[in-house]
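None of the values given here were measured: they were computed from a predicted structure.
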Amino acid sequence: MKLMHEQPSGLVESKRQFGTGRIICTQPRRISATSVAERVCYERNEKMGDRVGYQIRFEQKATDTTELLYCTTGILLRFFVRNPKLEGVSCVIIDEVHERGVHTDFVLLILKDLVLERKGTNEPLKIVLMSATIDASNFLKYFDPNSKIKFNNTSMCEGSGSEGGSIGRNPIVSAYSVSFLQVPGKTNYPITEYFIEDVCQEIPSLVVSGPPPARGGRSTGVGQDMRNPWATPEAVKAKYHELGLKRKSGDNRMWKNLSNMLQRPFELDVDLICRVVEHIEYAESMSTEKYEGALGSILIFAPGWKEITDVIKGLENTLKDCRKRHSWARTRSWNILPLHSMIPQKEQMRIFDSEDPNSGRRKIIVSTSLAETSITVEDVVYVIDPGLLKGTTYSAHTNIASLETMQISRSNVQQRRGRAGRCRPGVFYKLYSQYEFLHEMTDHELPEMLRTPVEELVLQTKTLRLPGDLRAQQVLTKAVDPPEPLAVVNAVQLLTELGAFGTDEKLTPLGWRLSQLPVHPCLGKMMLLGSLFDRYSSRQSNLLTPIQSICSTLSFKTPFVLPFGKEKEADAARKNYGQGLFSDHLLFAKVSDDYNRRSKYGSEFFQ
């Protein structure tokens, strides 16, 4: 096995080292798999689907002769169901392994045993784990607990970055023949980094909003809305002095802003982002250093869909206001593009379009963490990082999962930093304090397997018929970071109540059917029961179609869109369309039914 970070397309030519079988490269997201595959085809001057192709949910551009296949990790798990030993595959590359998605960790669990099973055969299996911010020591110990490899792990501290890496390969005599390769990472151009302390000095009039008022209208004291109650301006100043974080001690305004930053909850400050974008435009207009080509694009990270819409509205109002006050704004326009998983893929691909150098228009991308890895927009010069993301949290004791805004890790910061500096010297605005970066952020995100329910994962442990006929708890214990035992107990209990498991966690015929449906087991059983009721009902009915529509929508995404600037009109149209139904689920079924009727009878059906 090798840990490395290089273009997988180069392995296609390395037949002697990597075998004659297919090479599979997994990506954490659909847009990553398609965009990277297209980039590789472009660089190799080949047609998509010949030697290089991709396969994602609902879409495939590959043939039986494809040598390098990009796919999502979920697709690879589907391959294991049909081909448990991955016959015909000589190498599996797990890209962006640092994200530690639940499917990624489960795939590693399977591959770890499969490597030994195919060792010594005519086609041994090789694994490559890739990431720019990987916690290599964790994976090295996973494959060889006695590993003595010495290396400088990817540094997350200020001033080091990936440029400080070194190259070294250290073979280990073990069952897995583990080796490690660290390549110095770099962007094409240098990147200037600013913490919020630096931003306050760059924008003298900047005011960072503090925590919201307490309930009842009184000013916030020590309460649930305050993140760091200790962080008064004087305490923050003393803390910086104690930790040796050098800042201008006489700037009272900065200490007040830092106090607000540390006290407020994890919520996006839209006004702060808009002020930074305005500052970028103003600084460029005053700069004597000019660059050829289009205006440098700006990439702004936001936790979720609501925050993306808030930022876009804020930017639109900012530009209108700037046109009244600044001469540079009168000839400037902004092409603001959202990037979110619920946006159609065709719309997502617009972020790669370049602007006309003479148009005076700047591209601004407002994205979730979708743009953090794998996706590289070449004309991005500025990156604005508020240090937040949306993530799932799960309590096994209450058996409740929720989606919350949380602080990113230092590895996320490193990934976001790498989005800038591709076409010219870049700038990375970190809208959080140096104290938060060094003393509050963790090195890496908590693995998804530890913070989400595992019902679907437990069902997959039985579907794949792994050797040993082990219980789910025994299988998942072999993961890099196993889930909490109580979480597995909760999952087994639910699957048993659904009828997917019999006694001693034996997979029932119903459980097998549920595992073949790409939806949650609860939704899968709803579809199967709907099929039975539809087939054996004494009355002529059509239960299956609406149930299929409801389940597919709940497991994928809503069919409704929210055009920016017309959210109220869209919401009113949706309510009018579903008038009298009193149910979102029935509304989903109506959308599917009307769409099918329109496809069959034409648009005149609705007139």
Side-chain angles (χ1 to χ4, degrees), residues 158 194-201 203 205-245 247-276 300-304 306-308 310-311 314 368-369 384-395 397-398 400-410 412-413 416 429-443 445-446 451:
E158 181 187 16
Y194 295 102
F195 283 107
I196 191 63
E197 297 94 325
D198 307 304
V199 176
C200 288
Q201 294 176 3
I203 311 176
S205 61
L206 183 68
V207 176
V208 177
S209 60
R215 294 175 183 176
R218 293 173 297 175
S219 60
T220 301
V222 178
Q224 61 180 2
D225 292 330
M226 188 176 289
R227 185 157 54 92
N228 288 307
W230 62 268
T232 62
E234 295 76 15
V236 173
K237 182 178 179 180
K239 178 68 73 173
Y240 269 60
H241 179 73
E242 176 189 342
L243 297 174
L245 303 177
R247 295 290 169 183
K248 290 183 178 180
S249 59
D251 191 351
N252 294 327
R253 179 187 57 86
M254 186 192 73
W255 298 119
K256 176 60 177 176
N257 282 337
L258 285 178
S259 173
N260 289 339
M261 177 70 67
L262 290 170
Q263 287 183 357
R264 72 183 188 191
F266 292 130
E267 295 178 355
L268 190 69
D269 190 338
V270 176
D271 291 337
L272 177 59
I273 290 174
C274 293
R275 287 298 305 275
V276 172
I300 302 170
F301 285 97
K306 178 184 180 300
E307 291 82 2
I308 287 177
D310 289 343
V311 170
T368 60
S369 54
I384 300 176
D385 176 22
L388 302 173
L389 57 75
K390 273 283 197 322
T392 303
T393 60
Y394 171 68
S395 171
H397 296 280
T398 61
I400 295 176
S402 60
L403 189 65
E404 298 180 359
T405 301
M406 58 184 66
Q407 192 175 52
I408 63 175
S409 66
R410 283 188 283 270
N412 296 118
V413 174
R416 295 181 178 191
Y429 291 95
K430 295 180 274 194
L431 303 187
Y432 37 86
S433 66
Q434 189 179 13
Y435 173 82
E436 290 174 282
F437 177 77
L438 294 175
H439 299 282
E440 288 191 354
M441 291 183 180
T442 59
D443 282 340
E445 275 188 90
L446 189 69
R451 53 182 174 85

**Message:** Donor-acceptor pair, distance only, cut-off 3.5 Å: does the side chain of Thr368 make one with the backbone of Gly304?
**Reply:** no
Taking the side chain from Asp198 and the backbone from Phe195, do they hold a donor-acceptor pair closer than 3.5 Å? yes
Worksheet item: Can Arg410 and Asp443 be counted as an ion pair, charged N to O under 4.0 angstrom?
Response: yes
Of all heavy-atom pairs linking Ile203 and Arg253, the shortest is O-NH1, 3.8 Å
(message) Tell me if a side-chain donor or acceptor on Arg227 pairs with a main-chain N or O of Phe266 at a distance below 3.5 Å.
(response) no
| message | Between Asn257 and Leu206 (side chain of the first, backbone of the second, donor and acceptor by atom type, cut-off under 3.5 Å), is there such a pair? | response | yes
Taking Asn228 for its side chain and Trp230 for its backbone only, find out whether a donor-acceptor pair lies under 3.5 Å. no
* Asked: side chain to side chain contact (heavy atoms under 4.5 Å, CB included) between Arg275 and Val207: does it pass, once the steps are laid out?
  -> CA-CA 10 Å; Arg275 287 298 305 275; Val207 176; over 6 Å; no
**Asked** What orientation do Tyr194 and Tyr429 show, parallel under 30°, tilted 30 to 60°, or perpendicular over 60°?
**Response** parallel
#### Entry: side chain to side chain contact (heavy atoms under 4.5 Å, CB included) between Ile196 and Glu436, worked out
CA-CA 10 Å; Ile196 191 63; Glu436 290 174 282; 5.6 Å; no
Note: Pro211 and Met226 closest approach over all heavy atoms is CG-CE, 4.4 Å
Applying side chain to side chain contact (heavy atoms under 4.5 Å, CB included) to Ser409 and not counting sequence neighbours gives Ser411, Asn412, Thr442, Glu445
- Item | side chain to side chain contact (heavy atoms under 4.5 Å, CB included) between Ser259 and Glu234, worked out | CA-CA 9 Å; Ser259 173; Glu234 295 76 15; over 6 Å; no
For Ser402, the side-chain hydrogen bond (donor to acceptor under 3.5 Å, both in side chains) test, sequence neighbours excluded, returns Thr393, Glu404
Which is it for Gln434 and Arg247 under the side chain to side chain contact (heavy atoms under 4.5 Å, CB included) test, yes or no, and what are the steps along the way? CA-CA 10 Å; Gln434 189 179 13; Arg247 295 290 169 183; 3.2 Å; yes
Worked check of side chain to side chain donor-acceptor pair (under 3.5 Å) between Gln407 and Tyr432:
CA-CA 10 Å; Gln407 192 175 52; Tyr432 37 86; over 6 Å; no
Is it true that Asp310 and Lys306 make a salt bridge, defined as a side-chain N closer than 4.0 Å to a carboxylate O?
yes
